[in-house]
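Just so you know, these numbers come straight off a predicted model, no measurement behind them. Chain letters run A, B, ... following the sequence lines, proteins first, then strands; residues in each count from 1.
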Amino acid sequence: MKQHITGLIQAALDTLVQNGSLPKGISPSIMVENTRDKSHGDLASNIAMTLAKPARRNPREIATLITQALPASDILSKTEIAGPGFINFFITSASATKVLEDIFEQTTEFGCSTELSAEKIQVEFVSANPTGPLHVGHGRGAAYGATVADILAANGAQVSREYYVNDAGRQMDILAVSVWLRYLEQCGASFVFPANAYKGQYVYDIAEQVKAQYSDKFSFSSEQVFAELPLDEPQGGDKERYIDAVIARCRQLLGETAFQELFQVGLTAIRDDIRDDLSGFGIDYQEWFSERSLTSTGDVDKALNRLQENGNLYEKEGNIWFKSTDFGDDKDRVVKRANGATTYFASDIAYHMNKFDRGFDKVVNIWGADHHGYITRVKAAIQALGYDPQRLTVKLVQFAILYRGSERVQMSTRSGSFVTLRELRGEVGKDACRFFYVTRKADNHMDFDLELAKSQSKDNPVYYIQYAHARICSVLSKLNDSEWQLDLATGLRVLGDSTDDAEKALLNQLARYPETIKNAATNYEPHLVANYLKELASEFHTYYNSNKMLIEDAELRNARITLSTGVKQVLANGLSLLGVDAPQRM
RNA sequence: GUCUCAGUAGCUCAGCUGGAUAGAGCAGCCGCCUCCUAAGCGGCAGGUCGGAGGUUCAAUUCCUCUCUGGGACACCA
């Protein structure tokens with residue numbers, strides 16, 4: 001529709017330039033937008049005002065010239081010049097129903113585009129350390145990332161969803177040791193649990209599993225385990241130093257092979273739990289990428305070598321540094337420490353090299369806002385490796401702060417005092433969670449009020465939208481039980497002659513769905529879809545309340561139900577993109 | 001210190017990517033179920049879009065400065 005009118009305006013401009021009414025060489029970008037106020041028609045263009053200056057003429061004069069030069073079109077009922085020089089376009093009712101034909105023809109595909117069909121895009125999200133179950137803070141990144149991925153796919157992109165498993169590093173060692181100590185307790189040992197170890201219930205569960213699977217294989221006496229260790233924090237020592245000493249002791253007693261075995265049990269248990277959890281949240285990945293694999297495949301070395309060859313590395317005080325300041329970073333970054341260990345950042349560099357080498361045109365990272373400072377250095381590394389940093393898009397997600405009523409819920413993974421995503425789903429339900437998380441822009445702060453999300457009231461927008469869908473289903477089911485049948489052709493014809501404001505508003509809103517999906521994709525803003533659905537539901541509820549559907553008058557009946565059927569389809573399509581169910585009844 | 005997000009109705013937030021008279025929900029008040037789901041609808045009331053400049057025919061929207069508040073980061077994974 002917009003494109004059609006843009007084309008008409010372009011044709012008019014060409015004519016006017018040819019006959020000398022407008023100067024040559026003007027090449028304005030033609031903007032056609034939806035009007036906010038329907039007395040201004042359906043669509044409007046500001047073209048005359050943008051031309052006023054280069055053409056050195058009064059905008060209303062230009063508007064008049066353009067409307068006169070506009071080629072004939074059977075979708076326009078009239079045009080008007082209004083305000084400072086807007087050209088308002090009024091669409092004929094008959095062509096407004098075209099959107100319904102599209103909906104019925106494309107059904108679940110309606111709103112999808114092929115805009116991005118040439119692109120292979122990877123979306124990496126959540127990627128929480130596998131040291132414990134996901135908590136509500138991860139939920140937002142999960143919902144956001146999944147929805148972004150689905151919206152990109154809806155626009156034709158070939159999307160791969162990926163979870164980067166941080167299975168290397170000290171945090172994982174701490175997990176392994178935490179499991180080991182709980183296991184020792186089950187073997188009968190008694191001791192004070194380290195301040196810095198993981199204390200959650202899940203650690204007991206994994207320990208039990210280890211005990212069942214390996215019996216006494218990893219068992220040692222408390223004396224062997226705790227002999228000559230530094231003091232833990234509660235005893236006046238340092239908790240970091242203490243836990244490191246416990247890790248070292250664990251490795252020493254078990255030997256590296258057994259330690260890895262134990263480590264793997266913990267990692268696998270938690271990774272599988274996370275996978276299962278996300279799947280229950282409606283999110284499935286194509287790839288679970290192991291950080292450790294980067295070392296074993298040699299990608300880390302390969303990446304560092306490449307930087308070395310490109311002259312981006314140097315040595316200082318025994319450490320190897322990446323000269324990221326050459327690419328706009330505040331300071332250079334260590335990639336390899338004096339003891340030979342590569343840093344987390346080195347893995348990140350290798351990981352991104354690996355991503356591009358896998359052939360993705362675009363890579364989208366959904367990160368927690370605390371990773372904010374990494375963007376510059378990662379982009380720097382990408383550029384140094386010889387890739388275009390523009391191909392990486394990083395979207396930051398602010399943490400959601402959880403409230404129970406007015407009380408803030410404190411969370412810490414280490415202390416085990418957190419609300420897990422699984423608990424949240426159990427309490428609030430998948431649909432409300434998924435919707436709630438994406439109603440606000442990702443980089444905005446969000447308070448997640450449990451009570452509100454749980455409440456089955458109109459405070460809760462997800463029910464409002466689902467209810468609109470359920471209402472339509474209910475009408476259709478009643479229709480199905482009646483002697484009447486839906487006649488779409490009649491419905492479309494009658495709607496084409498309609499002058500009803502609510503009907504026109506609904507048709508207009510339906511027509512806006514495809515561009516909403518497109519905007520949501522290009523800006524990575526799923527909240528646009530959520531807002532759109534709220535508006536559509538609102539307009540439908542208004543319509544429903546003032547127009548009875550199942551009536552004797554066949555013309556009106558078919559018109560109303562035809563329109564409602566279209567609304568139902570679009571509600572279902574939109575909700576599906578957000579990972580929310582569209583229930584038949586509520 | 002650096003970065004980042006926000007400031008719009010009493011509260012929570014939209015504002016369609018610069019347009020015409022700034023919108024919802026909640027809270028308050030008044031109405032609507034002999035009728036397909038009242039988890040709904042209509043109405044009333046409520047505003048110096050934090051402030052000051054700038055760009056523009058046009059600024060809540062873009063730029064600069066400033067005030068207030070939230071958050072993150074500072075050779076660590």
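No side-chain heavy atom of T325(A) sits less than 4.5 Å from a side-chain heavy atom of D330(A).
The side chain of H40(A) lies closest to rA20(B) when the candidates are rA6(B), rA20(B), rG40(B). Nearest nucleotide to the R471(A) side chain, out of rA38(B), rA39(B), rA14(B): rA38(B). The side chain of Y467(A) lies closest to rU37(B) when the candidates are rU17(B), rC36(B), rU37(B). Listed nucleotides rC13(B), rU37(B), rA20(B) differ in distance to M586(A); the shortest reach to its side chain belongs to rU37(B). Nearest nucleotide to the F86(A) side chain, out of rU17(B), rG19(B), rA39(B): rG19(B). Taking the side chain of N444(A) as heavy atoms from C-beta on, and the options rC75(B), rA14(B), rC76(B), the nearest nucleotide is rA14(B). Of the listed nucleotides (rA20(B), rG40(B), rC57(B)), rC57(B) has the atom at the smallest distance from the side chain of T50(A). Counting only heavy atoms from C-beta on, Q398(A) has its side chain closest to rG70(B) among rU2(B), rG70(B), rA14(B). The side chain of N545(A) approaches rC41(B) more closely than any other nucleotide in the set rC41(B), rC5(B), rC36(B).
Here the separation of rG50(B) from rU60(B), taken at their P atoms, is 10 Å to the nearest Å. Taking atom C1' on both rA74(B) and rU4(B), the two are 15 Å apart, rounded to the nearest angstrom. Remark: the separation of the P atoms in rC32(B) and rA14(B) is 35 Å, to the nearest Å. Here the separation of rG47(B) from rA24(B), taken at their P atoms, is 15 Å to the nearest Å. Taking atom C1' in both rG46(B) and rA9(B), the straight-line distance is 5 Å, to the nearest Å. Taking the P atom of each, rG23(B) and rC16(B) are spaced 13 Å apart, rounded to whole Å. To the nearest whole angstrom, the two P atoms, one in rA39(B) and one in rU48(B), are 36 Å apart. Taking the P atoms as reference points, rC62(B) lies 24 Å from rG10(B), given to the whole Å.
Within 4.0 Å of A369(A), counting heavy atoms only, lie sugar-phosphate atoms of the nucleic acid but no base atom. Residue contacts shown for N166(A) are absent, as no nucleic acid heavy atom lies under 4.0 Å away. Residue contacts shown for E535(A) are absent, as no nucleic acid heavy atom lies under 4.0 Å away. Within 4.0 Å (heavy atoms only), N88(A) reaches at least one base atom of the nucleic acid. Counting non-hydrogen atoms under 4.0 angstrom, K534(A) reaches nothing in the nucleic acid. Note on H541(A): only backbone sugar-phosphate atoms sit closer than 4.0 angstrom, heavy atoms only; bases stay farther off. Within the nucleic acid shown, N480(A) has no heavy atom closer than 4.0 Å to any nucleic acid atom. Counting non-hydrogen atoms under 4.0 angstrom, A468(A) reaches nothing in the nucleic acid. Within the 4.0 angstrom heavy-atom criterion, base atoms lie near K548(A). Across all strands, T542(A) comes closer than 4.0 Å only to sugar-phosphate atoms, never to a base (heavy-atom distances). Counting non-hydrogen atoms under 4.0 angstrom, R36(A) reaches a base of the nucleic acid. Residue-level contact check: R333(A) touches neither bases nor backbone, having no heavy atom under 4.0 Å from any strand.
In this entry the distance linking CG of D42(A) with P of rG19(B) reads 18 Å, nearest Å. For the pair N129(A) CG and rC76(B) P, the computed distance is 18 Å after rounding to whole Å. Rounded to whole Å, the distance from CZ on F448(A) to P on rG71(B) is 20 Å. Residue F399(A) contributes atom CZ, which lies 18 Å from atom P of rU4(B) at whole-angstrom precision. In this structure, the OH atom of Y532(A) is 20 Å from the P atom of rA14(B), given to the nearest Å. rU17(B) atom C1' lies 13 Å from atom CG of N34(A), rounded to whole Å. For M49(A) and rA58(B), the CE to C1' distance is 7 Å, given to the nearest whole Å. Between R377(A) atom CZ and rA74(B) atom P there is a gap of 8 Å when expressed in whole angstrom units.
For K331(A) and rC75(B), the shortest distance from a side-chain N or O to OP1 or OP2 is not below 4.0 Å. Within the structure, a side-chain polar atom (N or O) of K478(A) is placed less than 4.0 Å from OP1 or OP2 of rU37(B). The side chain of R170(A) places no N or O atom within less than 4.0 Å of a non-bridging phosphate oxygen (OP1 or OP2) of rC76(B).
In this structure rC33(B) sits in the syn conformation; its chi angle is within 90° of 0.
Under a 4.0 Å N-O distance rule, the pair R170(A)/E240(A) qualifies as a salt bridge. Under a 4.0 Å N-O distance rule, the pair K504(A)/D501(A) does not qualify as a salt bridge. Under a 4.0 Å N-O distance rule, the pair D581(A)/K430(A) qualifies as a salt bridge.
Between A537(A) and N523(A), the residue anchored closer to the 5' end of RNA chain B is N523(A), taking for each the nucleotide with the nearest heavy atom. Positionally, the nearest nucleotide of RNA chain B for S474(A) lies more toward the 5' end than for the other of S474(A) and W321(A).
Using Watson-Crick or G-U wobble geometry with both donor-acceptor distances under 3.5 Å, rC41(B) finds its partner in rG31(B). Nucleotide rC36(B) is matched to nothing when pairs are restricted to Watson-Crick or G-U wobble geometry with both distances under 3.5 angstrom. The partner of rU56(B) is absent, by the rule that a Watson-Crick or G-U pair needs both atom distances under 3.5 Å. Look at rU2(B): its Watson-Crick or wobble partner, with both distances under 3.5 angstrom, is rA72(B). rU61(B) makes up no base pair with any nucleotide shown, lacking Watson-Crick or G-U wobble contacts both under 3.5 Å.
Looking at residues two or more places apart in sequence or on another chain, you find a salt bridge (Lys or Arg N to Asp or Glu O under 4.0 Å) between D173(A) and R251(A). A245(A) pairs by the side-chain contact (heavy atoms from CB on, under 4.5 Å) definition with L229(A), P230(A), not counting sequence neighbours.
Between the side chain of R512(A) and the base of rC16(B), at least one donor-acceptor pair of N or O atoms lies under 3.5 Å. Counting atom types as modelled, N46(A) pairs no side-chain N or O with a base atom of rA20(B) as donor and acceptor under 3.5 Å.
Using modelled atom types, one finds no donor on one side chain facing an acceptor on the other under 3.5 Å when comparing T35(A) with D37(A). The closest side-chain donor-acceptor pair between N166(A) and Y344(A) falls under 3.5 angstrom. With 3.5 Å as the limit, one finds no donor-acceptor pair spanning the side chains of H527(A) and N444(A).
When every heavy atom of S347(A) is checked against every heavy atom of E291(A), the shortest pair comes out as OG-OE2, 3.4 Å.
The aromatic ring of H445(A) is not stacked on the base of rG70(B), since the criterion of ring centres less than 5.5 Å apart with planes inclined by under 30° is not met. Centre separation under 5.5 Å together with a plane angle under 30° does not hold for the ring of Y544(A) and the six-membered base ring of rG40(B), so they are not marked as stacked.
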